[in-house]
2 protein chains.
Amino acid sequence: MKRRNTPTKEAVLAVFASTDKAMSQDVIEQKINIDINRATIYRVLNRFCDDGILHKVVAEDGKQYFALCKKCNENEKPLHHFHFRCIKCETIECLPSEVSFSIPDAYLIENVNCVLTGRCQECS
Amino acid sequence: MKRRNTPTKEAVLAVFASTDKAMSQDVIEQKINIDINRATIYRVLNRFCDDGILHKVVAEDGKQYFALCKKCNENEKPLHHFHFRCIKCETIECLPSEVSFSIPDAYLIENVNCVLTGRCQECS
DNA sequence: ATACTAATGCGACATATTCGCATTTAAAAT
DNA sequence: ATTTTAAATGCGAATATGTCGCATTAGTAT
């Protein structure tokens with residue numbers, strides 16, 4: 001199944017090009033000028049995740065947030081980083097701090113989801 | 001508002017006493033022999049969190065999981081630890097590995113939510 | 001035994017995400 | 001340029017998780 005170029009994909013990518021924050025579906029929908037169905041946005045976002053263009057984090061509010069993979073596609077192994085969610089300005093940013101942990105080899109790690117919550121520099 | 005002892009609270013605590021895993025509301029409800037309303041279970045769980053008896057993590061499936069605080073009430077500052085969610089046996093365990101990160105002082109951290117996902121020792 | 005109010009049950013509500021299916025449309029094939 | 005194909009979309013419904021209001025029940029102190 002080859003991917004096709006559509007106005008929807010371009011519009012979504014344009015939103016991510018304008019910021020380095022992670023965003024939820026509803027915020028993305030607000031920032032897009034054209035009218036795109038909610039389910040379609042989710043599908044586009046998930047496809048981008050499959051293709052390594054975006055990555056997804058789930059915050060402690062239970063919602064999914066998507067952000068551009070800056071380093072994800074350069075290396076084979078994505079380096080997992082922390083995310084910070086500000087409860088005041090309600091944004092999520094990717095932190096440079098890398099996630100490190102020790103766990104027995106018998107565990108197979110498929111995903112890492114680390115989110116810190118609080119107030120960011122501007123809002124504290 | 002003083003807390004009262006109720007059969008519901010005892011039943012929920014009994015479930016946690018039987019395992020060291022983190023559990024979601026529906027699993028807890030299954031493990032309880034008596035019939036307790038869903039909303040009530042959530043209220044009991046959240047109250048236990050407020051009292052430092054349980055702690056809550058949100059996994060990348062967007063669901064809330066609750067686990068006994070073994071070390072949480074001993075120290076003033078809770079030491080945040082990683083959690084591991086197995087996609088096969090669908091359990092979440094608290095890992096001994098502590099979460100450490102570096103972030104500018106201007107950030108106010110109110111919560112730490114770190115969950116690794118994959119296959120546990122038994123399921124890998 | 002009585003009063004006070006925390007705790008519960010019930011139903012409704014809110015929100016986030018997914019799914020099926022008919023339709024549209026990008027892109028390959030002719 | 002036209003036809004073909006299957007990927008992408010829109011729409012509505014379905015699912016799931018968690019919360020809330022409110023009337024009722026039931027601990028606990030007096």
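Proteins get letters first, then strands, A, B, ... in listed order; numbering begins at 1 in each.
Looking at which nucleotide of DNA chain C each of B:P7 and A:N37 is closest to, the 5′-most match is held by B:P7. Comparing A:K63 and B:T8, the nucleotide of DNA chain C nearest to each residue sits closer to the 5' end for B:T8. Taking the nucleotide of DNA chain D with the nearest heavy atom to each of B:D26 and A:R43, the more 5' of the two is matched to A:R43.
Residue B:D105 places its CG atom among 12 or fewer non-hydrogen atoms of other residues, nucleotides or ligands, all under 6.0 Å distant.
Within the 4.0 angstrom heavy-atom criterion, no nucleotide atom of any strand lies near A:Q25. Nucleic acid contact class of A:D61 (heavy atoms, under 4.0 Å, all strands): none. Residue B:T6 is classed as a sugar-phosphate contact, given heavy-atom separations below 4.0 Å to backbone atoms only. Looking at heavy-atom distances under 4.0 Å, B:R38 makes contact with a base.
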Are A:H55 and A:H83 close enough, and set up right, to give a ring pair (Phe, Tyr, Trp, His ring centres under 6.0 Å), and what steps lead you there? CA-CA 12 Å; A:H55 64 279; A:H83 298 81; 5.4 Å; yes

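Rounded to whole Å, atom P of C:dT18 lies 10 Å from atom CG of A:L45. We find that CD of A:Q64 is positioned 7 Å from C1' of C:dT17, with the value rounded to whole Å. A:E29 places its CD atom 13 Å from the C1' atom of C:dT17, with the value rounded to the nearest Å. Atom-to-atom, NZ of A:K9 to P of D:dG10 comes out at 14 Å; the value is rounded to the nearest Å. Across the protein-nucleic acid pair, B:I28 atom CD1 and D:dT17 atom C1' stand 14 Å apart, rounded to whole Å. In this entry the distance linking CZ of A:R3 with P of D:dT5 reads 22 Å, nearest Å. Going from atom CG of B:D50 over to atom C1' of C:dA6 covers 14 Å, rounded to whole Å. Atom CG of B:N46 is separated from atom P of C:dA6 by 17 Å (rounded to the nearest Å).
Residues A:K56 and A:N113 approach most closely at O-OD1, 4.3 Å, considering heavy atoms.
For C:dT25, the OP1/OP2 oxygens have no side-chain nitrogen or oxygen of A:N5 closer than 4.0 Å.
With hydrogens and angles ignored, a donor-acceptor pair closer than 3.5 Å exists between the side chain of A:R4 and the base of D:dA6.
Across C:dT18, D:dT19, D:dA8, the shortest atom-to-atom separation from the side chain of A:Y42 is found for C:dT18. Closest contact between the side chain of B:R47 and the listed nucleotides C:dT18, C:dC10, C:dT8 involves C:dT8.
Using a 3.5 Å distance cut-off with no hydrogens or angles, the side chains of B:N111 and A:E60 do pair a donor with an acceptor.
With hydrophobic clusters built from ILVMFWY side chains whose heavy atoms lie under 4.5 angstrom apart, B:I41 shares a cluster with B:L68.
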